[in-house]
Amino acid sequence: MNLEAQRAELERLAPELLEKKKIEKIHELPELEGAENGVVMRFAPGPTGPLHIGHTRAAILNDEYVKRYGGKYIIRLEDTNPPTILPEAYDLITKDLDWLGIEYHEVVNQSSRFKIYYEYAEKLLQGGFAYVCTCPPDDWRTLKEDKKPCPHRSLEPNIHLDLWEKMLVGEFKPGEISLVVKTDLEHPNPAVRDFVALRLVDEPHPLTGDEFRVYPLYNFSVAIDDHLMEMSHVLRGKDHLNNTLRQEYIYEHMGWKKPVFIHYGWVSIEDTELSTRKIKASIEEGKYTGWNDVRLGTIAALARRGIRSEAIRQYWIEVGIKSVDIKFSWQNLYAYNKGIIDPVAKRYFFVWNPKKVTIKGENIIKSHAPLHPEKSELGNREVILSGDPIEIQVVSEDVEPLSPGTRIRFKDLCNSTSETPVVFNYAGNDLSFVKEGAKIIHWVGPDAVPAKVHMPDGKIIDGLAEKAASDSISEIVQFERFGFVKLEKGNEIEAYFAHK
RNA sequence: GCUCCCAUAGUGUAGUGGCCAAUCAUGUGGGCCUCUCGAGCCCACGACUCGGGUUCAAAUCCCGAUGGGAGCACCA
């Protein structure tokens with residue numbers, strides 16, 4: 001029986017089986033192994049600047065899991081490299097997290113934990129799992145690349161403890177001494193052989209000043225903190241795969257139970273400047289107006305444009321925690337955002353590239369345009385136009401190509417036929433006109449206010465917005481036939497473009 | 001150079017050996033619609049990287065190739 005025949009037979013016997021069942025699948029994150037009794041998770045940014053879209057995956061996904069399983073969510077600011085710290089970032093980051101809807105239970109600065117790090121450094125030294133090295137950094141690295149130990153590696157713990165003491169009290173200068181964690185010099189992966197755990201920094205720290213000179217390095221402080229803070233799961237990007245390998249040596253040296261490590265894929269975000277260092281420099285040069293310049297991918301910029309945090313959350317949940325490398329898709333993010341804001345955004349007319357046109361044959365026309373096409377309860381924008389002839393402004397491109405006699409419906413206003421591209425004859429207000437093929441265009445009356453739309457590429461589109469739009473300052477609205485924007489107060493109407 | 005990770009439509013995703021003639025979303029094209037180049041509804045387009053192997057049966061397991069990505073800092 002071929003496919004057609006089978007189908008025909010089925011149709012005869014059990015037609016209901018042929019109906020395609022539409023399964024609305026709600027996309028969910030996969031379960032986490034060993035999470036049944038709650039989790040402790042963390043998000044650990046360096047306070048080098050405010051958060052950007054790239055940070056939100058880790059921040060949101062960890063949050064999602066803590067919300068799902070219950071437990072504790074710790075924000076740990078990894079401020080162990082004074083030169084790169086931006087003091088205001090501490091506040092900017094928690095503000096960004098709040099905006100994102102992250103429910104964290106604790107905020108910890110690593111800079112407040114130096115004594116703890118020293119304590120564990122000493123333990124590692126005592127156990128023979130670390131050594132204090134005074135080789136020139138380059139020499140030490142070269143030896144490591146050749147799988148060779150430096151002369152200090154095999155010395156007795158007592159000697160190291162003694163040097164460590166001297167390192168702490170200030171007998172050395174930065175670059176002269178460091179504390180190194182032993183891993184496996186024979187390891188085929190050069191990225192996991194012995195790594196430096198603590199070093200000297202002379203630059204004052206914005207929070208602790210010059211109280212400490214011995215600074216922990218990333219892999220060391222992370223391993224200590226993750227254990228002490230009792231992390232059950234560490235969910236982070238794949239770029240940390242080799243760091244995990246290194247950190248696991250510390251767990252093994254100390255005899256600690258490891259958390260569950262999960263690494264999601266690398267995300268490439270095109271066409272968006274995300275480098276904190278570069279952004280900071282450009283702000284100082286005046287190239288960007290600030291951290292919330294709409295050309296940027298910072299949380300502050302996205303919020304300003306009318307991107308909702310729920311959209312970002314939905315996007316990352318959809319993407320999930322697979323270890324595939326992905327391309328970030330603005331388009332998909334915008335689609336989620338549109339789903340959220342379209343049902344609530346008020347509609348207004350914005351006329352770019354405006355052109356004055358006249359309507360002859362009627363001296364008073366009233367317009368009631370709904371603020372939202374499906375939500376009549378939001379009310380209308382009422383405009384009364386009068387004059388002889390009546391004068392309005394429309395988008396030039398809408399009328400320029402018009403040949404005489406073309407039917408045009410001015411949306412929510414009236415019908416007309418064109419006499420010339422700028423002169424129209426009133427043709428009643430019966431909506432069947434649209435059915436007959438009239439083109440619908442939007443317009444603004446004489447009371448329109450100047451408006452500027454700031455596009456994400458930095459371009460500014462000047463035009464006129466209907467007066468009622470001033471009632472929605474600081475809201476996300478839709479400029480019909482243009483796109484969604486967020487309104488800001490200015491001398492005129494300042495709008496920041498979100499997406500179509 | 002060494003090491004590691006990954007591979008389903010343009011993008012993201014479901015899929016854990018038979019129910020895959022492959023899911024959903026997004027996108028693109030078209031249609032419906034008394035008012036958006038919007039929304040909604042409907043239709044269409046579009047993918048298992050390649051080559052071997054295991055098996056009655058492979059998107060799914062194994063090997064190899066190719067391609068993409070990351071790490072090899074006294075940054076985080």
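Computed from heavy atoms alone, side chains included, the values below leave out hydrogens, waters and symmetry copies. Order of the sequence lines sets the chain letters (A, B, ...), proteins ahead of strands, with each chain counted from 1.
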- Would Thr244(A) and Arg236(A) satisfy side chain to side chain donor-acceptor pair (under 3.5 Å), going step by step from the backbone distance to the final call? CA-CA 10 Å; Thr244(A) 299; Arg236(A) 74 230 293 202; 2.6 Å; yes

- Message: Using the ring centroid of each side chain, check whether Tyr315(A) and Phe328(A) are separated by less than 6.0 Å.
- Response: yes

- Short side-chain N/O contact from Arg199(A) to OP1 or OP2 of C75(B), under 4.0 Å: yes

- Message: Work out how far the P atom of U16(B) is from that of U11(B), and round it to whole angstrom.
- Response: 23 Å

- Near-ring test Phe410(A)/Phe424(A), centroid separation under 6.0 angstrom: yes

- Task: Check RNA chain B against residues 340-350 of chain A and give the residues with a non-hydrogen atom under 4.0 Å, in numerical order.
- Result: Asp342(A), Arg347(A)

- Message: Could you walk me through whether Asn219(A) and Gln247(A) satisfy the side chain to side chain donor-acceptor pair (under 3.5 Å) test, starting with their C-alpha distance in whole Å, then the side-chain angles of each, then the deciding distance to 0.1 Å, before giving a yes or no?
- Response: CA-CA 6 Å; Asn219(A) 284 296; Gln247(A) 290 161 26; 2.8 Å; yes

- Message: Under 4.0 Å from OP1 or OP2 of U34(B): is there any side-chain N or O of Lys435(A) that close?
- Response: yes

- Query: So does Lys144(A) get a side-chain nitrogen or oxygen closer than 4.0 Å to the phosphate oxygens (OP1/OP2) of A73(B)?
  - Reply: no

Give me, pair by pair, the N or O atoms of the protein and of nucleotides 26-29 of chain B that are less than 3.5 Å apart, along with how far apart they are.
{"unit_1": "U26(B)", "atom_1": "O2'", "unit_2": "Asn332(A)", "atom_2": "OD1", "d": "2.9"}

- Side chain proximity check, Arg246(A) to Phe220(A), heavy atoms < 4.5 angstrom: no

- Message: Assuming nearest nucleotide by heavy-atom distance, tell me which of Ser432(A) and Thr134(A) is located more 5' along RNA chain B.
- Response: Ser432(A)

